[in-house]
Colleague: 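Starting off with a structure, shown below.
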There are 2 protein chains.
Amino acid sequence: MAESDSMTKPKPTPGPGPATMAQIAERSGVALSTVSYVLSGKRPVSPAMRDRVLAAVAEFDYRPHGPARALASGSSHTIALFLPSPHWDLIPVQQTFVAGATQATSASDYALLLSTAASDPETIVRLVATHRADGVILMETLTHDPRIEKLQAAGFPFCLIGRTADTSGIGYVDIDYGSAVRTSLEHLVELGHRCVALFNFPQDQLDAGYASALIARDAFEVATAELGIRGIHLTCPHPPQEAFAVAACLLASEPECTAAITTGWQFTGLLRALRAANLHVPDEFSVVSVIAAQYAEMLTPALTGIEWPAFEAGRLAAEMLIERLADDSVTQRQLLIGGELVIRESTGPAPATPPSKRTNSRKRIPPPETRNLVQTQRT
Amino acid sequence: MAESDSMTKPKPTPGPGPATMAQIAERSGVALSTVSYVLSGKRPVSPAMRDRVLAAVAEFDYRPHGPARALASGSSHTIALFLPSPHWDLIPVQQTFVAGATQATSASDYALLLSTAASDPETIVRLVATHRADGVILMETLTHDPRIEKLQAAGFPFCLIGRTADTSGIGYVDIDYGSAVRTSLEHLVELGHRCVALFNFPQDQLDAGYASALIARDAFEVATAELGIRGIHLTCPHPPQEAFAVAACLLASEPECTAAITTGWQFTGLLRALRAANLHVPDEFSVVSVIAAQYAEMLTPALTGIEWPAFEAGRLAAEMLIERLADDSVTQRQLLIGGELVIRESTGPAPATPPSKRTNSRKRIPPPETRNLVQTQRT
DNA sequence: CTGTTAGCGCATTCAG
DNA sequence: CTGAATGCGCTAACAG
């Protein structure tokens with residue numbers, strides 16, 4: 001069964017390491033550049049030579065050397081996505097971006113580089129400056145975002161999930177928190193609610209200029225005014241315990257409030273506070289959240305919600321950026337997606353019960369010290 | 001305010017594009033190689049020259065060209081992580097891996113490449129073969145995994161989240177589903193339960209050889225036997241509706257079953273089925289799930305669970321791989337983590353009610369046809 | 001249509 | 001301790 005000495009190396013693996021273009025050029029008896037051209041198709045090549053080259057490519061299992069190609073061509077064929085804060089794992093919806101972006105990137109034969117860089121413009125610029133990525137996707141965008149300014153100043157291609165104050169010439173995909181809040185409100189008003197609370201993003205995010213938070217707040221104020229109802233704007237941290245405290249305060253101090261909207265994960269604390277206050281959802285209190293169906297349907301009761309198509313958002317952002325890299329004269333698209341209301345179990349007609357009676361049924365509420373509704377989150 | 005003509009180009013930006021080593025060598029009057037050595041520290045350089053070089057580096061805001069470095073050095077300083085199926089967004093815990101891996105990678109000054117490749121060994125090998133990544137992390141490992149065989153055959157460094165049948169010489173980090181199941185079971189037996197169901201991963205994953213599913217099943221069979229209780233092994237899809245059907249069926253046909261363990265997201269359907277059957281948790285039925293605290297605490301009742309430290313797992317896997325890349329003589333670590341039981345609200349003493357009576361109370365299990373409670377409203 | 005050639009930016013070997 | 005020279009593998013002018 002032993003092969004003859006002259007046959008120790010049949011032919012499939014000529015050299016030890018991976019094959020290079022030079023090797024396949026030699027093997028197929030053509031010029032190095034011809035190999036390059038049959039591979040890239042950037043120049044017509046006669047069928048005869050093409051076949052010879054492709055045969056050698058198959059035979060050697062040749063793979064182009066990525067970095068070498070990047071060096072010579074000036075493009076890494078890679079985009080980078082920066083994850084927000086280290087605590088991002090607390091907000092599942094953001095993780096779904098990544099899945100969407102990954103799929104779109106892989107589909108376009110690009111590579112996706114992931115990095116953490118909470119708010120450090122330098123780290124972000126570096127990836128592109130070192131030519132490791134051709135462009136970047138940013139999330140958790142601020143109204144005035146230093147990262148974006150730096151990226152613009154350096155002339156690096158980028159795309160946002162979210163948006164800034166001045167969006168001129170900037171491509172982005174964002175959920176329309178404005179219409180989300182308005183749609184939710186209209187739904188609640190139709191059901192007869194006359195006093196609705198908004199559990200907005202935490203105060204520190206508002207202070208930092210987190211665009212979605214500002215948009216939600218403004219939309220809430222405008223819409224409550226136009227609809228002629230009372231609106232209570234709360235800034236509320238996402239973690240259950242802290243959200244619980246904020247919600248408990250609201251329930252204690254605002255008996256006439258019969259419904260709430262949450263911009264995110266705050267519903268956890270809210271639902272818990274409602275249970276603690278012995279208020280039934282939706283008979284005595286209605287809840288609408290901006291939330292992916294996956295989570296909305298997992299809860300009891302299932303949450304009426306504004307669908308947040310995070311996977312789509314990630315996919316679109318990646319596609320947008322890649323499109324721009326391929327043709328930088330392309331007009332930057334600006335997409336507002338989502339905002340579709342899905343009615344589930346957590347909303348219902350406003351209770352007819354007079355406020356006084358309802359106030360009565362609340363005895364286990366936290367002490368007054370915690371009554372500061374608009375509070376700041378500490379990390 | 002206009003500068004003189006001779007000053008149009010003060011000095012901070014000498015050339016238009018990014019600076020190269022050659023430029024900073026020229027600027028600081030040293031040899032190209034000297035610049036390389038002060039930057040890499042691989043050779044002693046006199047303080048005088050070092051300072052001149054560093055000054056020029058700062059002045060030009062020089063950044064080493066990643067691909068060029070990779071080409072010359074033969075290492076891309078990058079690792080790749082492959083996401084499982086396209087449906088992975090349904091299983092949040094897996095997403096948290098990515099966060100952990102990203103953090104560890106960034107911390108080690110490596111880059112993390114994300115890619116989708118359900119079960120395609122070719123795609124996985126390609127990233128390394130093209131020198132775009134030095135090694136890869138695989139998740140959703142099968143007992144006999146073609147991807148791993150290919151990686152081993154090619155001699156490419158890798159690390160698993162999960163594990164294979166033959167783990168010799170393979171580095172991995174995995175949750176210990178075996179002890180997770182046993183610990184859960186012991187907890188339930190202590191509470192007096194004598195018949196427990198396991199909602200294992202779906203049948204197709206078992207068939208495919210998904211290691212965690214097999215381990216859970218085997219551990220369940222061994223532990224129920226040893227503890228002298230009856231075990232009902234179910235393979236159950238994660239999606240709520242399908243899990244609901246499986247759970248409803250169990251409740252209808254096995255009145256003596258008073259508790260269940262779920263390996264993952266199946267608890268959603270189970271909880272819904274319990275409600276539909278009018279069985280109170282934990283008074284009439286206990287539930288334990290393998291689940292991250294974040295989700296366990298979001299539910300009503302909060303789920304007693306085996307903590308799945310996904311972030312840690314991702315972090316450890318990345319660190320492990322990077323360590324191995326730095327020194328390939330390092331012994332492959334094999335880590336089984338997690339398995340810690342956290343008792344919350346969903347487990348309690350086994351009900352004393354005789355099976356016959358309980359069977360009686362189950363009439364309102366809704367027929368599958370009427371279960372569509374989700375409706376959509378257009379904006 | 002095809003071959004020759006010159007770099008891309010950096011790491012590294014070899015002289016000095 | 002330092003400088004000059006070579007090559008990593010590929011792309012893209014440039015000649016034929």
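Quick note: numbers below take in every heavy atom, side chains included, and nothing from hydrogens, waters or symmetry partners. Proteins get letters first, then strands, A, B, ... in listed order; numbering begins at 1 in each. None of the values given here were measured: they were computed from a predicted structure.
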Colleague: Spell out protein contact along nucleotides 10-16 of chain D as letters: B when the base is contacted, S when just the sugar-phosphate is, - when no protein heavy atom is under 4.0 Å; keep the 5' to 3' order.
Modeller: BBBBB--
Colleague: Decide whether A:Arg132 and B:Thr78 meet the rule of one side-chain donor and one side-chain acceptor closer than 3.5 Å.
Modeller: yes
Colleague: Looking at B:Glu26, I'd like to know if its CD atom is crowded, meaning that more than 12 non-hydrogen atoms belonging to other residues, nucleotides or ligands lie closer than 6.0 Å.
Modeller: no
Colleague: Starting at the 5' end of DNA chain C and moving along, which residue's nearest nucleotide shows up first, B:Thr34 or B:Pro67?
Modeller: B:Pro67
Colleague: Taking the axis from the first five pairs and the axis from the last five, what angle separates them in the helix from C:dC1-D:dG16 to C:dG16-D:dC1, rounded to 10 degrees?
Modeller: 40°
Colleague: Quick one: side-chain hydrogen bond (donor to acceptor under 3.5 Å, both in side chains) partners of B:Arg333, sequence neighbours excluded?
Modeller: B:Glu323
Colleague: How far apart are the C-alpha atoms of A:Glu140 and A:Arg163, what are their side-chain angles, what is the distance that settles it, and do they pass the salt bridge (Lys or Arg N to Asp or Glu O under 4.0 Å) test?
Modeller: CA-CA 9 Å; A:Glu140 211 150 77; A:Arg163 54 188 145 150; over 6 Å; no
Colleague: Would you kindly give the CG-to-P distance between A:Leu71 and C:dC10, to the nearest whole Å?
Modeller: 9 Å
Colleague: Would you check, one step at a time, whether the test salt bridge (Lys or Arg N to Asp or Glu O under 4.0 Å) holds for B:Glu59 with B:Arg52?
Modeller: CA-CA 10 Å; B:Glu59 179 186 351; B:Arg52 291 225 309 279; over 6 Å; no
Colleague: Name the residue from A:Val98, A:Thr102, A:Thr96 that meets the side chain to side chain contact (heavy atoms under 4.5 Å, CB included) definition with A:Phe311.
Modeller: A:Thr96
Colleague: B:Val30 pairs by side chain to side chain contact (heavy atoms under 4.5 Å, CB included) with which of B:Val35, B:Ile24, B:Val38?
Modeller: B:Val35
Colleague: Under 4.0 angstrom, heavy atoms only, what part of the nucleic acid is B:Val35 near: base, sugar-phosphate, or nothing?
Modeller: nothing
Colleague: So do the side chains of B:Gln334 and B:Thr167 get within less than 4.5 Å of each other, counting heavy atoms only?
Modeller: yes
Colleague: Mind calculating the distance between CZ (A:Arg132) and C1' (C:dG9) to the nearest angstrom?
Modeller: 14 Å
